[in-house]
Amino acid sequence: MSLSSLYLAWVEDLPPRLNGVRKRRGLSLAMDDGVILKTDHYAPDTPGLHPTILMRLPYGRRGFGGIAEAYAERGFHVVIQACRGTEKSGGDFDPFANERADGLATLNWIKQQDWFDGRIGLTGPSYLGYAQWAISDALPPTAAMATKVTTADFRPVVFPSGAFHLSLWLSWLQVIEGLRNNPLATAARMFSGDIERRTDKAATALPLIEADKVAVRHKVAFWRYWFDHAIGNDAFWTELDHRHRLTEKTPPVHFISGWYDFMLDPLLADYQKLVSLGHKPYLTIGTWFHVAEELQRDNLRETLTWMRTWLMGDSSDLRQRPVRIHISGLDEWHEFDAYPPGQSHPSNWHVSGEGKLSQSSQRATGMDRYHYDPADPTPNLGGAIFAFTGAGAVDNAPLEARPDVLTYTSGVLTRALTIIGQCTVTLEARARVPYADFFVRLNDVDPNGISRNICDGFIRVTPDTPQLSNGCWRLTIPLHATAHSFRAGHRLRLLIASGAHPRFARNLGSDEPINTATTMVDNTIEVVRSSLSITLPGYELD
């Protein structure tokens, strides 16, 4: 037993340790093209048959060693492998491109081992979850998956609504490059805020293709390859999209995510696809962001329960209802039979006066205007971002005070309003320059006047976006899924802007390619008050 596995067992309140562990580190597995991937095997030291858990990752094996040992101490063989081109594995790291072929080769190796008994589970968050989907259709009959803060299709994660998810990839670039070259220093940078500061600096670089040199002080091959080949190229994404592997034969899956995770909506799409195919997947969503400590803790305990259920036949700790979600505002967990939990009771809110949001039939007249300057782009604040500091719900006062942001606020609620699912904003707007972004956000304003973000959405328009006869775009913008209760005494606030930099690459206002663009054109945006509305999926809780 190591200190890390002992700590995890204590913090996570894990089931009792069943056995000791034998470790074989640094195994050399040859892939089909001869490239060697470094692999660790953690084995129970007791005789008999034991199921296997596989994790393939680009972040270094040692960082997951404590987790692997915790699984192995509870009766599982555990195989951890460094993806191609990461840590000490051979080849070049090309994100997503090799996980199908290398995963299949690794799976075949496992099947040939004398300790493998035919039972296997795949687990892990984020990139590790994508690596699961890449081989999900090749698993043996007795298998299970625990996919966390991830999706089978990364295209909408990289290019949400036509924009580039800039802060995600600049931050992730630093993590990947740092863990490969100096893991201890990189771990320190993650939690000191240094990665976020470097991301903010790199995000101002023009052209963007040069931002890698600001972020990590050298050119990064995959960063530049993506800019040259991935933008607007359907063929590039075809081989990287594993949604077609979700079928009637997909093993039992437990989806875990957070309401402030940037991959939540694609994960829910994967969940809904399995439901439509007749599966009964489990779903756990907390009020977490991508790298929240609480999310990581819940991962391990839930995964052990899931794997014991489907690989060991022990469902004693499995909850009865498959959906468990946390509702912020109430700070309560609720369990349901499905997600969304039955029929909602939508409520529609409109602009009824200057800066006012209400449910009255009265609609405000006129236009609201603001000036967007890409040289001073509207910043992002909190939300569903990849960050070790500053993600999730935060005080939005600095953002709401900017002149390039519109806000509309309701009166004080006399009774609680609970929403579960996706809110939708509809608006009509026009711009002096036909290249514009629209960022919309729903906030909860407490009795002290503190406004915290609940969910948001984004869309990019171009000259090809259809316009009405008055020159306006009519836009319907879904906000990311949420579960929140606005308490009595609180107010709703709707925020509109034309950027959230560096979360989304700023709209420079020209038709230059995103990788080489340097020209910045400012813009004037007008929003038709009478057109603006937000629909909320309301629920009455038992």
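For the atom pair CG (L536) and OG (S347), the distance works out to 4.0 Å, reported to the nearest 0.5 Å. I256 contributes atom CD1, which lies 12.5 Å from atom OH of Y282 (distance to the nearest 0.5 angstrom). Taking CZ of R217 as the reference point, atom CG of D212 lies at 13.0 Å (rounded to 0.5 Å). To the nearest 0.5 Å, atom CG of residue L57 and atom OG1 of residue T86 are 7.0 Å apart. Rounded to the nearest 0.5 angstrom, W237 CH2 and F96 CZ are separated by 6.5 Å. Put simply, OH on Y372 and OH on Y435 are 15.0 Å apart, with the number rounded to the nearest 0.5 Å.
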Inset, instruction - Output, in order, the C-alpha distance, side-chain angles, deciding distance and verdict of ring pair (Phe, Tyr, Trp, His ring centres under 6.0 Å) for H290 and F386. - result: CA-CA 6 Å; H290 193 74; F386 179 71; 5.8 Å; yes
Inset, instruction - For the pair V253 and L246, evaluate side-chain contact (heavy atoms from CB on, under 4.5 Å) and give the outcome as yes or no after the intermediate values. - result: CA-CA 10 Å; V253 182; L246 282 68; over 6 Å; no
Legend entry - Test ring pair (Phe, Tyr, Trp, His ring centres under 6.0 Å) applied to F164 and F159, step by step: CA-CA 5 Å; F164 180 54; F159 296 107; 5.6 Å; yes
Legend entry - Intermediate values then yes/no, side-chain contact (heavy atoms from CB on, under 4.5 Å), Y260 and I454: CA-CA 8 Å; Y260 291 100; I454 303 304; 4.1 Å; yes
Inset, instruction - Please assess Y339 against Q272 for the test side-chain contact (heavy atoms from CB on, under 4.5 Å), listing each intermediate value before the final yes or no. - result: CA-CA 8 Å; Y339 176 88; Q272 294 291 357; 3.9 Å; yes
Inset, instruction - Show the numbers, then the answer: is there a side-chain contact (heavy atoms from CB on, under 4.5 Å) between V440 and I534? - result: CA-CA 10 Å; V440 294; I534 181 169; over 6 Å; no
Legend entry - From CA spacing to verdict: ring pair (Phe, Tyr, Trp, His ring centres under 6.0 Å), F262, F289: CA-CA 8 Å; F262 54 85; F289 55 93; over 10 Å; no
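Of the possible donor and acceptor atoms, one in the side chain of S192 sits under 3.5 Å from a partner among the backbone N and O of R189. The main-chain N or O of A134 is found under 3.5 Å from a side-chain atom of R100 such that the two form a donor-acceptor pair. The backbone N or O of A215 sits less than 3.5 Å from a side-chain atom of R198, completing a donor-acceptor pair. Judged purely by atom type and a 3.5 angstrom limit, E196 uses its side chain to pair as donor or acceptor with the backbone of F388. Under a 3.5 Å cut-off, the side chain of Q174 and the backbone N or O of L170 do form a donor-acceptor pair. The backbone N or O of T204 lies less than 3.5 Å from a partner atom in the side chain of R506, making a donor-acceptor pair. Side chain of D368 to backbone of R529: no donor-acceptor contact under 3.5 angstrom is found. A donor-acceptor pair under 3.5 Å is absent between the side-chain atoms of H279 and the main chain of Y271, judged by distance alone. Checked by atom type and distance alone, the side chain of S171 never pairs as donor or acceptor with a backbone atom of L168 at under 3.5 Å. A distance-only check finds no donor-acceptor pair linking the side chain of N453 to the backbone of C455 [under 3.5 Å].
The two residues P340 and Y539 have their closest heavy-atom pair at CB-OH, 3.4 Å. The two atoms that bring A138 and L107 nearest to each other are O-CD2, 3.4 Å, heavy atoms only. Smallest separation of non-hydrogen atoms from G383 and R503: CA-NH1, 4.5 Å. Nearest approach of A391 to I385, heavy atoms of both residues: CB-CG1, 3.7 Å. Nearest heavy-atom pair, A505 versus L208, reported as atom, atom and distance to 0.1 Å: CB-CD1, 4.0 Å. Heavy atoms only, all atoms of each residue included: N507 and P374 are closest at O-CB, 3.6 Å.
Counting heavy atoms from C-beta on, the side chains of S533 and N348 never come closer than 4.5 Å. At a threshold of 4.5 Å between non-hydrogen side-chain atoms, the residues D200 and P502 count as touching. When side chains are defined from C-beta on, M367 counts as touching R430, because their heavy atoms get closer than 4.5 Å. Within the 4.5 Å cutoff, the side chain of V35 has no heavy atoms near those of the D102 side chain. Inter-residue side-chain proximity for V323 and P341 is flagged as unmet; no heavy-atom pair is nearer than 4.5 Å. Side-chain atoms of R56 and L37, non-hydrogen and from C-beta on, do get closer than 4.5 Å to each other. Between T250 and L139 there is no side-chain heavy-atom pair separated by less than 4.5 Å. Using a 4.5 Å heavy-atom cutoff, the side chains of Y59 and I176 are in contact.
In summary, the side chains of Y130 and H242 do present a donor paired with an acceptor at a separation below 3.5 Å, with no hydrogens or angles considered. For the 3.5 Å distance criterion, the side chains of D404 and T378 qualify, holding a donor opposite an acceptor. Side-chain contact annotation: T519 with E512, donor-acceptor N/O pair under 3.5 Å present. Checked by atom type, the side-chain pair N396/R493 shows no donor-acceptor distance below 3.5 Å. Using modelled atom types and a 3.5 Å distance limit, the side chains of N443 and E400 yield a donor-acceptor pair. Remark: the R84 side chain and the S89 side chain contain no N/O donor-acceptor pair separated by less than 3.5 Å.
Taking a cutoff of 4.0 Å between a charged side-chain nitrogen and a carboxylate oxygen, R155 and D234 qualify as a salt bridge. Taking 4.0 Å as the cut-off between side-chain N and carboxylate O, R61 and E87 count as a salt-bridged pair. Ion pair K148/D261 not flagged as a salt bridge, since none of the NZ, NE, NH1 or NH2 atoms sits closer than 4.0 Å to an Asp/Glu carboxylate oxygen. Between D437 and R460, at least one side-chain nitrogen of the basic residue sits less than 4.0 Å from a carboxylate oxygen of the acidic one, meeting the salt-bridge criterion.
Among Y225, F222, W223, the single residue meeting the ring pair (Phe, Tyr, Trp, His ring centres under 6.0 Å) criterion with F93 is F222. Of the candidates T147, L268, V149, S257 forms a side chain to side chain contact (heavy atoms under 4.5 Å, CB included) with just one, namely V149.
Taking a 6.0 Å sphere around CG of D33, one finds it holds more than 12 heavy atoms contributed by other residues, nucleotides or ligands.
Partners of D94 by side chain to side chain donor-acceptor pair (under 3.5 Å), not counting sequence neighbours: none found.
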